[in-house]
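What follows is a short report on a single structure.
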Amino acid sequence: STNTIHTRLTPMTDTTTPKSLQQIHTATGRHWVGDGFPVSTVFAYTDLGRDLNPFIMLDYAAPYVFEPTERRRGVGEHPHRGFETVTVVYDGHLEHRDSSGGGGTIGPGDVQWMTAGAGIVHEEMHTDAFARAGGTMRMAQLWVNLPAELKRTPPGYQTILASTIPTAAIAGGALRVIAGEYAGIRGPAKTFTPMNVCDVRLDAGADTALDLPSGWTAALFVMEGQVEMADGRALGAGQLGIFSRDGSRIALRCDGPVQALLLAAEPIDEPMVGYGPFVMNTREEIVEAFRDYEAGRMGRLA
Ligand code: MN
């Protein structure tokens, strides 16, 4: 119709309304996951992960030097159900094994994207070589929720090597697109719902912006450096900025170099009940998950 043609010809320049910075959260404290991962929990499904759904947990292990050892460190056999775990390694080398037959070794820049779905048992360890040599470990683990109708999807595993992760140039920096599409660059991760998971690099003196769909959850976790928002507030290392769903642009400025993790996604607005390694929609499903794990119905490591 005439209306459709008219709509197509309307300039798009007025659609870049800003997303407002709603909250700055500082990750505090550190605890060990197994004996291999000294992490700060940036958010979890018990707190901010409710608002950031489908991103329901983020642990960050800032650089930590491990001494050489003969016995490799890590976290032994344990289950998950109802979501995906995404591990990004910045320094160090990890090895993964799971009951679906998935497994692999990942190093700096690599990502493992594990779909727990209906249920999986896995272990997350330092590699033998890293344990023997020692060195710096730096990594992040993100939990991505699955919508109710996909929580029982078969488990799966994606090893995503750094060499397969494309980079989208932005003014004053670049995005490493792990998942989703940014500026026509598509990341390799297969996801069940629309999202962007990107490593953000800003050069010293950058004055730039990120463009994201309006209506999406959006958050930026700063790992190194300090970045200033449009309203003058700043995010430093270890701080998470949470943005409004409304609006489509996040303006960023920095004096020195910045490294951050961008999390943006179509929200999953469903009831959520989590307990330990299980995140479902009802309390009954959590009880069922414990029963199924104890009965061996999530499989075993070979
Ligand atoms: Mn795990």
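Source: prediction; values computed, not measured. Remember, it's 1-based here, ligands and their atoms both numbered in the order they're listed. Residues take their numbers from the sequence shown, with the count starting at 1. Note that these values count all heavy atoms, side chains included, but never hydrogens, waters or copies made by symmetry.
Partner W143 forms a ring-ring contact (aromatic ring centres under 6.0 Å, His included) with one of F83, W113, F55 and no other, that one being F83.
Figure legend: cation-pi geometry between R138 and Y90, with NZ or CZ positioned under 6.0 Å from the six-membered ring centre and within 45° of its axis.
Counting only residues at least two apart or on different chains, the side chain to side chain donor-acceptor pair (under 3.5 Å) pairs with a member in residues 172-182 are R176-D199, E181-R186.
Taking the six-membered ring where the residue is Trp, F130 and H93 present tilted rings, their angle falling between 30° and 60°.
Side-chain N/O atoms of T127 and E95 include no donor and acceptor closer than 3.5 Å.
For the Mn ion (ligand 1), the nearby protein N/O/S atoms, meaning those under 2.8 Å, are H78 NE2, H80 NE2, H122 NE2, E124 OE2.
The minimum heavy-atom distance linking C254 with D203 is given by the pair SG-O, 3.3 Å.
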